[in-house]
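Scroll down for the structure; my scribbles are underneath it.
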Amino acid sequence: ETDCRLRASSSGSLPNVFNVFGIFFELKTAGKCEDSLATPLPFSSLTSSSVFTRGHGAGYAKLNRKQGAGGWSPLDTDHYQWLQIDLGSRKQVVSIATQGRYSSMDWTSKYRLLYSDTQKNWRPYLQDGNIWTFEGNMNSETVVRHELQHAILARYIRFIPLAWSREGRIGVRLELYGCPYWADVISFDGQSVISYRFRNKKMKFVKDIISLKFRTTARDGVLLHGEGQQGDYISLELRRARLQLSINLGTNQYGSIQGHTSVTSGSLLDDDHWHSVLIERYRRNINFTLDHHTQEFKTNGEFDHLDLDYEISFGGLAVSAKLSSGGRENFVGCMEGITYNGDNITNLVRRKKVDTSSFRNLTFSCTESNSFSVFFNSTSFLRLPGQSDSDTLSVSLSFRTWNPNGLLMFTTLADGWVEVGLTEGKVNLYVNVTQKKNIRYIDISSGSGLNDGQWHSVHLNALEYYAMLTVDGDEASTVRTVMPIQVQTGGTYYFGGYFMHTNTRSAQRSFQGCMQMIHIDDHLVDLWAVEQGQIGAFENVSLDMCAIIDRCVPNHCEHGGRCSQTWETFSCNCSGTGYRGATCHTSMFQQSCEEYKHQGKSSGNYWIDPDGSGLIAPFSVNCDMTEEKVWTTLKNNLSPQTSVASSNKEGKAAVQITYNVTDEQVFAFILDGVPFTWWVGRANERHSYWGGSGPGIQKCSCGIEHNCTDPKHYCNCDADLRSWREDAGLLVYKDHLPVSQVVVGDTSRSGSEAKVTVGPLKCQGDRNYWNAASFSSPASYLHFSSFRGETSTDISFYFKTSSAHGVFLENLGATDLLHIELRGGSVVIFSFDMGSERMELSVRSPVPLNDNQWHRVEAEKNIKEAALQLNGQYREVRPTPTQGHTKLEFYRELYIGASSGQRGFLGCMRALKINGETFDLEERAKGTPGVSPGCHGHCSGYGMHCKNGGRCVEQYNGYSCDCSLTAYDGTYCTDDVGGYFETGTLVRYDFPLEAGPIALRDVKRLSGVSVPIETNLTQEQLVFSFSTSSTPSILVYISSRTQDYLAVVLRHNGTLQIRYSLGGLTEPYTIDVDHRNLANGQPHSVNITRNLREIRLQLDHYPVSTYTLPEASDAQFNLVKSIFLGKVFETGQIDPILIERYNTPGFVGCLSRVQFNSVAPLKAALRFSLTAPVTTHGILVPSNCGASPLTISPMASASDPWHMEAAGAVFPFNEDKDSVDGVDRNSAIIGGIISMVIFIVLCIMVFVIRHMFRHKGSYHTNEAKGAESADCADAAIIVNDPAFTETIDESKKEWFI
């Protein structure tokens, strides 16, 4: 995918370069923009709210000056003071420097900046979406300079002290740095339109650069518009004070390719301040920049050129376009610096080179607005006078706010009070009156959703016995009510609400927002006089300024999260996005099926997110975890054996294949003569090779193997027979997948038909999940040049170590610190810079982290909060400062490990991901001293997934479970091994005399039972499951070389009996479980554990029962000899009761999970009968006996298209893979000899068939190296193509028939 971005130079002396696919446009500035702007000004250009003495006047507030009292200090040291600089004309201000007052204790430690062109409608300097607070001075002489993130274009600058010296007063000397600014300004009155005519009647543009600045109080209006007769157009207009760019590069005549694209940016643009717009287009790629915020997008459709006819208009629509515009309003306000593809339109207007006939009065200045805003915070109120004792109450105002609740106006009456406020976004009128000692309330409301940041008007008119409430001038929706008494005004009106500390009769919260156009008694209030203190009073009110901020534009809620806001903050609703967190940044899903597997999940459908917090959205896949290798499957919409529809005029029919996911998601999932028929893969490239073949080989698998139906053709389907023929195989060249279309030709002939099947896309494993490096020295590290962060940055990785201290990662530099480390073996620290503040989060683990087991660290910082999470459960979250969020962050010199002299990380780290991008630790570790690729020791973190005593075996990129010492089988030792016993069937396992004690030392780990070195057992465990409907029978019998034994039998009534004979007793010790008939055909489990004389028995899921052998009984099981299952066939003296009552006819049913200490006799009989000391008499059929029902029904290999043998695919044998079953080497040798014989016979048959069907002809080919070992030239190409063989190894495949 192409990259279209704007690179802004850090200095005014360097050119700004716009890079679009190798085409560069340079916007050069003339010289450096760092002139001293305040120092050359006359004394009178600096004014202030007040002065302490004459020597402390504003004119002395120049940097490094000592005249007068050495700087400015106001009369009062409070938050109402300001210092104003008149620059004489509009200037571009890029930085500010401050000092305290010379040789004094007076300085300013925090301040803000306001700016304006007219000394009215002041605007605060914003940065990172907030009213910015600058750090000032801590003494009187040090100069503190700040470079502005965005230059200020204004004539007047106001310096507002916020904090000052504790020992002294407010004091400051300052300097502003910048350069002159000039631009042609044109005023538009809603009728005026600039029509810029092209040199040719029709223009075809492949690229455009349009820029302008505008200023308005209207929330709707067209800024520019151009269109063509073919349907192309470009339009830029204000809609509800937001800027909308609409563009269409073309829609075809059938309407199947829709080119309309619309993007919206900004908000509150009717604030009468200048806003800059830049539109850069190259073909379908567009950068849309509004006030330094850039949106990059691609237009819809497939066309690249913008075809415009005759002209493009600014300020509204031309007459020709007005008729079909649907009543869109023209722009009212001012524009400057209009340029279109290098032409300065405003300069052409001044030179009268452009049609301006629609202007009634063309002026090159911007008319001042008469509006005067009042800005309220949570501690503000405004008190204004009105008529008293009047029978008419009339108040109106306009307001804008984000808060759903707040007091707009309050006034007292002679017998009550009246309040107008916002409640849940509605305007409510409350009237409280006292009539003959009775209090009566009136409550009416109007409007809805009025806390949307837009200007809304409210008009309350109460006359005699009636009151009317009108919102937004809609007379039709005016709400009327009857007053219980005649109105008699009190004469004082409060606005904003914070007066409640002096008047507690109102229950409304304070209003936060802006008001203007306040009318009392139908007269517009002179707020200028209020500012001068001539009328009314106020507290904490900012006059002639509306500092409302839209915290949802740009939207900091990522991945489609929905933003809502109040005056102070915003919140994100992440529901339905697949992400979580304060800004919907963190994915809720794992990156692959591999990761789900190692969380202990089983096969099924899962959502995966391969790039985590990246741009690719999560999508659903099927995870098959039944094998050692994990398979990920993505299904398509094509049904098997889909009949090809009618062909087009060229005789070809196309079958479209979709995967219900985007191309980006599919690619992320995979990452890890003219032929009649072809298929289309990635990048819309055609391919004419088929399943079982490879790129560049226009053959099917039968053509390579020379066994096609018709030897003249290379595919079975080319035989042109009346019967159906099939070509099938696997497409495994991953760079060409997935299949998006199959085009079948030659189907237009009579009787010619075709059917197509494209199976699901399958992927194996996850390289990124196991991408690891081992750090063997505390001074070792991996160096990465940089990574890019947005307003959100997330980092995640796994680690394991035996060291108590170490730095995981850090970046070096004066700013933008990022540091994660392990301290004390149990604490992880995450520290970073946020503006001028340094934040540190720590999470303590209740268990040691240096236990050489895998642990996961997840760290995130965003515009709202910072979070650190350990092992998915221990977490610390802290809010981040409101200041210090930069738009783009480039962390330079990133080190994995420590390079700054601190102790680096010792151990293994893997799956390092930053902002959705996996860092290739293995590749970077190659050749790096002290660091090696890969990491062993996965069992310490994931060994718990090996169940039932399975032993974890380390592998390079994972682990496997060795089930050889358990009674289970399968990937995690969870599959039951059992057998069905026919009448008379028995299994006998013998302990060799010399190996008996040794074989019994390793005991099942989960039980906690151990066996001493001596030959006599003092403790043992017997576990098994069974199901039967026949009684009586012997289930398990364990004999010894003495007369000791252990027997578990089913009596005639189906109840269980355990018989222990360890010597010392005349009769065996018996345990009868009489409460249940177990011969009911259902599976039952038995767990018998003995430790000396204590016997513990658990049957099924019933509670454990405890029994004690008599004191006379021996506590040792001497010289264990054999284990019998199903029946006893033993020489020597045996308990006659067992033989007479239970041994005939024998056990009939299922036994499974049989394990005595570390011996699994039934599994040995079924899996290792050739090598284990086990014998079987009778018929024993393998069965799981229903003891552990399967969660996924098995599929027969013959009907499973993904079974290797059924698919006809042969993949390289993995020599590192241990045989789970422990097959006897002799059997392997015999099988190999038989396979060789069969192979030789097949080769002879192939030679005879080829000889019989040989035909004359010859061909020449440059065979690839290694052809001597291949069956043919085509096979040699496949073998020697590294990309092709690599994909086979990865087993990324797509089934095609």
Side-chain angles (χ1 to χ4, degrees), residues 183-198 208 210-228 232-248 260 262-279 288 290 306 308-340 343-350 352-371 454-455 472-473:
D184 286 306
V185 180
I186 301 176
S187 181
F188 295 81
D189 60 3
Q191 303 295 325
S192 311
V193 177
I194 299 175
S195 297
Y196 174 65
R197 301 279 173 83
F198 302 137
D208 291 294
I210 306 172
S211 64
L212 58 86
K213 292 183 176 68
F214 71 91
R215 170 181 163 187
T216 183
T217 57
R219 65 178 192 174
D220 298 292
V222 176
L223 278 79
L224 70 87
H225 181 84
E227 61 183 45
D232 293 18
Y233 57 79
I234 182 170
S235 179
L236 182 69
E237 63 180 307
L238 283 168
R239 289 192 175 182
R240 291 181 57 84
R242 305 190 70 186
L243 197 61
Q244 177 176 295
L245 172 63
S246 300
I247 187 169
N248 189 342
H260 172 75
S262 182
V263 174
T264 302
S265 183
S267 70
L268 312 176
L269 300 178
D270 56 347
D271 57 1
D272 202 27
H273 293 295
W274 285 107
H275 300 279
S276 61
V277 181
L278 176 64
I279 302 170
F288 179 30
L290 173 64
L306 178 62
L308 301 180
D309 295 341
Y310 304 111
E311 64 186 5
I312 187 170
S313 60
F314 297 88
L317 283 78
V319 177
S320 59
K322 193 75 173 177
L323 299 176
S324 59
S325 66
R328 291 153 67 188
E329 300 179 17
N330 285 353
F331 174 73
V332 177
C334 304
M335 288 194 215
E336 70 174 21
I338 305 173
T339 63
Y340 177 72
D343 290 336
N344 189 328
I345 305 300
T346 46
N347 181 262
L348 293 176
V349 171
R350 180 178 287 274
K352 299 181 180 180
K353 299 292 186 181
V354 176
D355 179 15
T356 57
S357 58
S358 62
F359 283 79
R360 291 177 293 184
N361 183 22
L362 179 60
T363 59
F364 296 95
S365 61
C366 201
T367 306
E368 293 186 18
S369 172
N370 294 324
S371 63
Q454 302 292 324
W455 283 110
D472 287 338

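Remember, it's a predicted structure, so these values are computed and weren't measured experimentally.
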Could you give me the CA-CA distance, side-chain angles and deciding distance for Ile210 and Ile234, then say whether side chain to side chain contact (heavy atoms under 4.5 Å, CB included) is met?
CA-CA 11 Å; Ile210 306 172; Ile234 182 170; 4.0 Å; yes
Evaluation steps, side chain to side chain contact (heavy atoms under 4.5 Å, CB included), between Leu243 and Leu223:
CA-CA 9 Å; Leu243 197 61; Leu223 278 79; 4.3 Å; yes
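Atom-to-atom distance recorded for Leu236:CG and Leu245:CG is 6.0 Å, nearest 0.5 angstrom. With rounding to the nearest 0.5 angstrom, the CZ atom of Phe314 is 10.0 Å from the CD1 atom of Ile186. Separation of atoms CG (Asn330) and CD (Glu237) is listed at 10.5 Å; rounding is to 0.5 Å. Between Leu224 atom CG and Leu317 atom CG the span is 10.0 Å, to the nearest 0.5 Å.
Listed by chain and number, the residues in a side-chain contact (heavy atoms from CB on, under 4.5 Å) with Asp220 are Arg239, Glu329 (sequence neighbours excluded). Partners of Asp184 by salt bridge (Lys or Arg N to Asp or Glu O under 4.0 Å), not counting sequence neighbours, listed by chain and number: Arg350. Checked against side-chain hydrogen bond (donor to acceptor under 3.5 Å, both in side chains), Thr339 has the following partners two or more places apart in sequence or in another chain: Ser211. Qualifying side-chain contact (heavy atoms from CB on, under 4.5 Å) partners for Ser267, counting only residues two or more places apart in sequence or in other chains: Arg242, Asp550, Val553. Partners of Asp309 under the salt bridge (Lys or Arg N to Asp or Glu O under 4.0 Å) rule, at least two apart in sequence or in another chain, do not exist in this structure. For Tyr310, the ring-ring contact (aromatic ring centres under 6.0 Å, His included) criterion is met by no residue, not counting sequence neighbours. Partners of His275 by ring-ring contact (aromatic ring centres under 6.0 Å, His included), not counting sequence neighbours, listed by chain and number: Phe214. Residues meeting the side-chain contact (heavy atoms from CB on, under 4.5 Å) test with Ser265, sequence neighbours left out: Phe288, Leu290, His293, Gln295. With sequence neighbours excluded, the residues satisfying side-chain hydrogen bond (donor to acceptor under 3.5 Å, both in side chains) with Trp274 are Asp117. Applying the side-chain hydrogen bond (donor to acceptor under 3.5 Å, both in side chains) rule to Ser365 yields no partners; only residues at least two apart in sequence or on another chain are considered. For Thr356, the side-chain hydrogen bond (donor to acceptor under 3.5 Å, both in side chains) test picks out no residue, with sequence neighbours left out.
Thr367 and Ser187 get closest at one heavy-atom pair: OG1-OG, 4.3 Å.
In this structure, Arg215 contributes its side chain and Asp272 its backbone to a donor-acceptor pair below 3.5 Å. Although no hydrogens or angles enter the test, the distance criterion places no donor-acceptor pair under 3.5 Å between the side chain of Gln244 and the main chain of Ser262. No donor-acceptor distance shorter than 3.5 angstrom exists from the side chain of Ser246 to the backbone of Ser235, with no hydrogens or angles considered.
Looking only at side-chain heavy atoms (C-beta outward), Met335 and Thr346 stay at 4.5 Å or farther from each other. At a threshold of 4.5 Å between non-hydrogen side-chain atoms, the residues Val349 and Ile338 do not count as touching. With a 4.5 Å cut-off on side-chain heavy atoms, Asp270 and Leu238 do not count as touching.
Screening Val277, Ile345, Leu278 for a side-chain contact (heavy atoms from CB on, under 4.5 Å) with Leu212, the sole residue that qualifies is Val277.
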Pairs of donor and acceptor atoms involving the side chains of residues 191-198, under 3.5 Å and at least two apart or interchain, shall be tabulated with distances.
{"from": "Ser192", "atom 1": "OG", "to": "Asp189", "atom 2": "OD1", "distance (Å)": "2.8"}
{"from": "Tyr196", "atom 1": "OH", "to": "Asp343", "atom 2": "OD2", "distance (Å)": "2.3"}
{"from": "Arg197", "atom 1": "NE", "to": "Glu311", "atom 2": "OE1", "distance (Å)": "2.6"}

